[in-house]
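Just so we're on the same page: letters track the sequence lines, and every chain starts at 1. Computed from a predicted structure; not experimentally measured.
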Number of protein chains: 4
Amino acid sequence: MSRKESKSPTFDRIVEASLQLFNQQGERSVTTNHIARYLNISTGNLYYHFACKEDIINELYRRYSKGMADYLNAAGELSVNASIEGLVSLLEKVLRHLWTFRFIPQSISSLFSVNQSLRESYSKIEAGLISRGVEKLFFKLRDQGMLEGDDVQIGFLARNFQLLQTGWIARPDIARCPQEAQVVAREGCLSLLYFLAPYVSSRFRQPFERVLASMAPLQALPAV
Amino acid sequence: MSRKESKSPTFDRIVEASLQLFNQQGERSVTTNHIARYLNISTGNLYYHFACKEDIINELYRRYSKGMADYLNAAGELSVNASIEGLVSLLEKVLRHLWTFRFIPQSISSLFSVNQSLRESYSKIEAGLISRGVEKLFFKLRDQGMLEGDDVQIGFLARNFQLLQTGWIARPDIARCPQEAQVVAREGCLSLLYFLAPYVSSRFRQPFERVLASMAPLQALPAV
Amino acid sequence: MSRKESKSPTFDRIVEASLQLFNQQGERSVTTNHIARYLNISTGNLYYHFACKEDIINELYRRYSKGMADYLNAAGELSVNASIEGLVSLLEKVLRHLWTFRFIPQSISSLFSVNQSLRESYSKIEAGLISRGVEKLFFKLRDQGMLEGDDVQIGFLARNFQLLQTGWIARPDIARCPQEAQVVAREGCLSLLYFLAPYVSSRFRQPFERVLASMAPLQALPAV
Amino acid sequence: MSRKESKSPTFDRIVEASLQLFNQQGERSVTTNHIARYLNISTGNLYYHFACKEDIINELYRRYSKGMADYLNAAGELSVNASIEGLVSLLEKVLRHLWTFRFIPQSISSLFSVNQSLRESYSKIEAGLISRGVEKLFFKLRDQGMLEGDDVQIGFLARNFQLLQTGWIARPDIARCPQEAQVVAREGCLSLLYFLAPYVSSRFRQPFERVLASMAPLQALPAV
DNA sequence: GATGAATGAGCGTTCATTCAT
DNA sequence: CATGAATGAACGCTCATTCAT
């Protein structure tokens, strides 16, 4: 999978331009003609590389979920020698990744009504792999003494964590603004840390507070 | 509220049919023709009552946000003689309301790209009135001794609470399924209670645990 | 015809409102709904008085052509004891009449494509009665010594005169502007007098020049 | 003119078919669907070449006014070695050009209410360039001794000339009939010559009369 | 690989007109 | 006389997609 040469430069350019336009204007109002014109290629050429608009979206979703899975794997290794700093750094990367593909959490429900295959891969990947991966990760963090809580609590913690993560990115008042990815990631990270705070073990409390303090001074985004 | 004559039966039927169809199939793939045909009225008649499709959505958003504001007011009065049971009961009502209008949290971002006026009323109402109302409510609950936490914690609590609330409803794998509103509301409520748990004061801990226990046995929804 | 009571006050109000709106915005973009709303009556009521939009236009055309015919008759009597002043005064009245119904010369061709009956009454009246009436009038004016020219010349004079008269009123850059009827009539009159000038007999030249001089000072409209 | 590649054959076919249909049936009752069906192309294809119906009309107006401007330039050169025959020949060409685009003078006022950009280009071109061009031309003809009159007279002559020219073409009883362009142009020309007659200088009177006589025998059109 | 003209079903909307009350 | 909700054919236009070159 990683070995296979990327299909073609044009293929990639289409994917990247689409991502950009989808994020800026919303998938709904970006037509295949817009994408082609933006790239100075013909529509015919676009359809040479993609059978339909759906497939562009599917490819973007593939990249999005692949990235998420990769970060999840990284998190597995990181937790071997756990540190708050490592966790936060990873969290920011994940949020930046989500931000890069923000049109997806924003319009995923809308897309379902016009893209059946996305629906399927979503429930397989997002609600399957990733969701379970996050759950496993949280249990591991508890095993390593970073988090505390019973099984039910940690289960809900994992579930809510994901909801917050994507919910933050999908917030409609944030999403289209040309915010710096940096700012959005920081603020989101802060929210998530406050969310985790009550479950951080006493052993990790001190570095946790330190990190929290170091992130605070950034200017706030508008409230929800 | 009860005094104001409803505009006309047909007006209301259009609004209600639209809500139903939007929830089932997504706003995007429900055309004005579909709505009219569903109601066995002519498109002309539909457009006699609404100047454009946007206005149907705007009316739905008006009803949605009006309901939310009403619940918020109810919450203000409830918190006078606070009880966990009262809070949970209200929370379930809010979630059922959200569920009734679930196409809105689901597709709000998408709608922004084709409905400028919605964008404006959203930022005024959702990100304004409601957001601030929820924050105030949480501070009041702390004043009454139900919640504990410093100002920053309670602030984040309020913000995250809202994100979770709508995030749960908007979860794409849930939204289109013909779930019983009851089940969705229960499960969402449970998630939110677990989210609040660490901040519940010791004085209210016992009734809180009792309520939590009474809700648990319901069969679980699929994980995120 | 003149004895018959006008059909009803509402009938007349519809005719007059339509005239006003047609002149202001063009018949094409004035719908029957607009007219009804403008008058604060229901569409049903409008259609109680008129079978269709065409009929409103036909009634307006009837009034327009009736007025023209009346002025023509007046001209016949006037020419008994001919004077330049009388002619000019009549001409101004005709131009003001044309201006009152200016949407007709403006959009007559357009109307033909959607109003067959207008086509018929137009060719009967405008191209029949009126056209012949004007011709007769010009010959009479020659007989009375006001104009000079052979039969062919006078024939062309009459034809061109009418063309100029309506052409002036229909000038698109003039028509929609809220010009004072007075100004438009004066300017148009001046143009028409210059057009007649070469055919005015030497006997009437002096009063003619006097009248011409007395009209000149008005500020000019924009050139064609 | 000959150098500029035409946009595409289909582009031109749309323009030409539209012109034909507009002339026959009136712009108002010719829909984009009609045009497409007439050409056996899809509506999509029509809209591939034109963004909207307005743009087809604008393109036709562009061609119309370009032609008029060209004839005006030709007139400028012609008047160097002026002759009645040359003038008449040009006049016939102009009238045939006007006849070719007759839907424009016919429905220009109507179009204004649904086509703002046409309104602008009309007042710039028709009421600007062309109007001034005609005025200049008439003054030049006087300088060359073909016409006689003081400044005011020549000014009105120019203005009225234009009004007659387009008024003749726009005559609703003429416009839709499948008249031979030749006949219409001849008759119109004759009218215009009679209009000019009083101002033709004695030096040019003889050739003028000769030309007039040579045109007369054609069968007459119905009177106005 | 690439072009760009062509397709056509379907969209949101309009408006003259009807009709039950 | 008057109301106003209801009709439906038709409009201008969109856009994912196809296909000959």
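Put simply, CZ on D/Phe11 is 16 Å from C1' on E/dG4, counting in whole angstrom units. Between the CD1 atom of D/Ile14 and the C1' atom of F/dC13 there is a distance of 14 Å, given to the nearest Å. One atom, CG of C/Leu39, and another, C1' of F/dC1, lie 15 Å apart when rounded to the nearest Å. The nearest whole Å value for the distance from the CG atom in C/Leu21 to the P atom in E/dC15 is 14 Å. Rounded to whole Å, atom C1' of F/dG12 lies 13 Å from atom CZ of D/Arg37. C/Gln25 places its CD atom 12 Å from the P atom of E/dC15, with the value rounded to the nearest Å.
For the pair C/Thr32 and E/dC15, the criterion of a side-chain N or O lying under 4.0 Å from OP1 or OP2 is not met. Regarding contacts with the backbone of E/dA6, a side-chain N or O of D/Thr10 is found under 4.0 angstrom from either OP1 or OP2.
Of the residues in residues 40-54 of chain A, those with a non-hydrogen atom less than 4.0 angstrom from any atom of DNA chain E are A/Ile41, A/Ser42, A/Thr43, A/Gly44, A/Asn45, A/Tyr48, A/His49.
Mapped onto DNA chain E by nearest heavy atom, D/Asn33 and C/Asn33 fall at different nucleotides, with D/Asn33 at the one closer to the 5' end. Comparing D/Arg28 and A/Val30 along DNA chain F, the residue whose closest nucleotide (by nearest heavy atom) sits nearer the 5' end is D/Arg28.
With rounding to the nearest 0.5 Å, the separation of OG in A/Ser65 from OH in A/Tyr122 is 11.0 Å.
When heavy atoms are screened at a 4.0 angstrom cut-off, D/His34 is found touching the sugar-phosphate backbone but no base atom. Counting non-hydrogen atoms under 4.0 angstrom, A/Thr31 reaches the backbone sugars and phosphates but no base.
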With side chain to side chain contact (heavy atoms under 4.5 Å, CB included) as the criterion, how do C/Arg28 and C/Ser110 come out once you've worked through the C-alpha distance, each side chain's angles and the decisive distance to 0.1 Å?
CA-CA 9 Å; C/Arg28 188 179 186 167; C/Ser110 269; 5.7 Å; no

Steps toward side chain to side chain contact (heavy atoms under 4.5 Å, CB included) verdict (D/Ile41, D/Ile14):
CA-CA 10 Å; D/Ile41 64 172; D/Ile14 293 169; 4.2 Å; yes

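Between the side chain of B/Ser123 and the backbone N or O of B/Arg119, at least one donor-acceptor pair lies under 3.5 Å. A side-chain donor-acceptor contact under 3.5 Å links B/Ser8 to the backbone of B/Phe11.
B/Glu27 is listed as a side-chain neighbour of B/Lys53, based on a closest heavy-atom distance under 4.5 Å.
Residues passing the side chain to side chain contact (heavy atoms under 4.5 Å, CB included) test with B/Thr31 are B/Asn33, B/His34, sequence neighbours excluded.
Where DNA chain E pairs in unbroken runs of 3 or more (Watson-Crick or G-U, both distances under 3.5 Å), the stems are E:2-21 with F:2-21.
Contact check on C/Arg13 versus C/Glu16 returns no salt bridge, with no Lys/Arg side-chain nitrogen under 4.0 Å from an Asp/Glu carboxylate oxygen.
What you find for C/Phe103 and C/Asn23 is that their closest heavy atoms are N-OD1, 2.8 Å.
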